[in-house]
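Each chain gets a letter, A, B and so on, in the order the sequences are listed, and its residues count up from 1. Remember, predicted model here, so these are calculated numbers, not experimental data.
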Number of protein chains: 2
Amino acid sequence: MRVKTLCLGALCLGDATGYDIKKLFENAFNHFHSASFGSIYPSLKKLEEEGHVSHRVEAGEKHPDRKLFRVTDEGRATFLAQLAQTPASEQLRSEFMVLLFFAHLLPTEILQQKLAEMEAHYSQELNYLESLSGCEGHTSGIDFTIGMGKSVLRTKLDYLHHHRETLLASHQNRPDSQNIRQTESSS
Amino acid sequence: MRVKTLCLGALCLGDATGYDIKKLFENAFNHFHSASFGSIYPSLKKLEEEGHVSHRVEAGEKHPDRKLFRVTDEGRATFLAQLAQTPASEQLRSEFMVLLFFAHLLPTEILQQKLAEMEAHYSQELNYLESLSGCEGHTSGIDFTIGMGKSVLRTKLDYLHHHRETLLASHQNRPDSQNIRQTESSS
DNA sequence: GGACTCATGTAAGCTGTTACATGATTTC
DNA sequence: GAAATCATGTAACAGCTTACATGAGTCC
């Protein structure tokens, strides 16, 4: 789902500025999507041209002027239709898995470092999702995504803890630890 | 990690054609990355221009002519360096989570359908990874990625099974089931 | 005869990121 | 006084996908 559609969706939850939407991406959407200013502001512009949103300017005394966007009836209907059409799917992009896939080409210390890095990442994300659980005002759907995210992260951390040592042990004993270059001459 | 680097990595596992590499993306890399012909062939071309790979043509009798690529010493070194530099990270892009996040805007039947769709997806992917577990010739790193993938998918399926009914129940009783348009007049 | 697999490649276009440009206010 | 937060936007570019173009062999 493109950023434009997601911006429209964000505005279906309440009026907001481009800046507010960026924060939504950084917080609520963070564990399943991302977007930068460079895609959010042009998206809002296009949405307005298409009549899906409108805006009014709030003059600021204690903050800069802000453009507060609001979804139109037409925009809401469009989002609903797009949502219903979207097939349920998921795509992981994991540099960590790439690293593991080619782990036999890396020195053990580096592998160890990557594992530690990933564990820290997972822990941090889990902490964040746990902090969200305490908050109120979530729909049942949002609770579901948070709950699922937490379960998955716990599984990943468990998996790391239980298989880390085995992996590192067999990594050190792997064939051609240092003689990759020699193998090549056999052609 | 860009497709070009991944192609170089693929060739570090053995000589291959562009077509072979596409299959690798569809199979082995499938659960953490993807790429199409339109990015693979140009990548191989660039890699050759840069001296990271070379190729020889295998004339086919029972199959079309194929360009068999091989990594050079320089290419191998470059890949190793790039691999060691790559930070361990992960990014999920989930339309399913988006759907759940906005679930309160969808009719219950549609939500139900999306949940079923996702369950089918997860089951299919789990079956595939389970079929891989039986195969031999995996490095410990690859086994790790497969094992982790399986654990995660089982967790997701479990979560779906345990929370599906609760979600659907509270979805049907949600406020403003059908009166989204009325709410709007209060501005 | 039709569908699928094997095999290579290009061109147009979409989507999004990074970096730049600007500037006020608030917090430490 | 420095750094962070609030706030908006553009331009250049990267990277990838989709669709097209082509064609032989194999399996049902």
>> Listing request: all ring-ring contact (aromatic ring centres under 6.0 Å, His included) pairs with a residue in residues 109-128 of chain B, at least two apart in sequence or in separate chains.
In response: none
>> Using whole Å, what does the distance between atom P of nucleotide dG15(D) and atom CG of Leu44(B) come to?
In response: 16 Å
> Of the nucleotides dT8(C), dA7(D), dT17(D), which has the atom closest to the Ser34(B) side chain?
Replying inline: dT17(D)
>> Over the length of the helix from dG1(C)-dC28(D) to dC28(C)-dG1(D), how much do the five-pair end axes diverge, rounded to 10 degrees?
In response: 50°
> Closest to the Tyr41(A) side chain: dT10(C), dA7(D), dG16(C)?
Replying inline: dA7(D)
>> Could you tell me how far apart Glu26(B) (CD) and dT17(D) (P) are, to the nearest whole angstrom?
In response: 12 Å
>> I need the CZ-C1' distance between Arg2(A) and dG13(C), as an integer number of Å.
In response: 13 Å
> Does OP1 or OP2 of dG15(D) have a side-chain N or O of Ser39(B) closer than 4.0 Å?
Replying inline: no
>> Taking any heavy-atom pair under 4.0 Å as a contact, classify Lys45(A): base, sugar-phosphate, or nothing.
In response: sugar-phosphate
> Mind checking whether Ser140(B) and Arg174(A) have side chains closer than 4.5 Å, heavy atoms only?
Replying inline: no
> Taking the side chain as C-beta and beyond, is there a heavy-atom pair between Lys4(B) and His52(B) under 4.5 Å?
Replying inline: no
> Taking the inter-plane angle between the rings of Tyr19(A) and Phe37(A) on a 0 to 90° scale, is it parallel (under 30°), tilted (30 to 60°) or perpendicular (over 60°)?
Replying inline: parallel
> Once you round it to whole Å, what is the distance between C1' of dT8(D) and NZ of Lys23(A)?
Replying inline: 15 Å
>> What is the distance, to the nearest angstrom, from the CD1 atom on Ile40(B) to the C1' atom on dA19(D)?
In response: 16 Å
> Parallel, tilted or perpendicular: which describes the rings of Tyr159(B) and His163(B), with under 30° parallel and over 60° perpendicular?
Replying inline: parallel
> Distance from Met97(B) atom CE to Thr145(A) atom OG1, nearest 0.5 Å?
Replying inline: 6.5 Å
> Quick one: Phe37(A) CZ to dT22(C) C1', roughly how many Å, whole number?
Replying inline: 14 Å
> For the pair made of CG in Asn27(B) and P in dC6(C), what is the distance, rounded to whole Å?
Replying inline: 10 Å
> Taking OP1 and OP2 of dC16(D), is either one under 4.0 Å from a side-chain nitrogen or oxygen of Ser36(B)?
Replying inline: no
> According to a strict under-4.0 Å criterion, is Thr17(A) in side-chain N/O contact with OP1 or OP2 of dC6(D)?
Replying inline: no
> Which residue, Gly18(B) or Arg93(B), contacts DNA chain C at a nucleotide closer to its 5' end, judged by nearest heavy atom?
Replying inline: Gly18(B)
>> Less than 4.5 Å apart, side chain to side chain, heavy atoms only: is that true for Thr5(A) and Leu83(A)?
In response: no
> What's the CG-C1' distance between Leu24(A) and dC6(D), to the nearest Å?
Replying inline: 17 Å
> Which listed nucleotide (dA7(D), dT8(C), dT15(C)) is nearest to the side chain of Arg66(B)?
Replying inline: dT8(C)
>> Less than 4.0 angstrom between a side-chain N/O of Lys67(B) and OP1 or OP2 of dG9(C), yes or no?
In response: yes
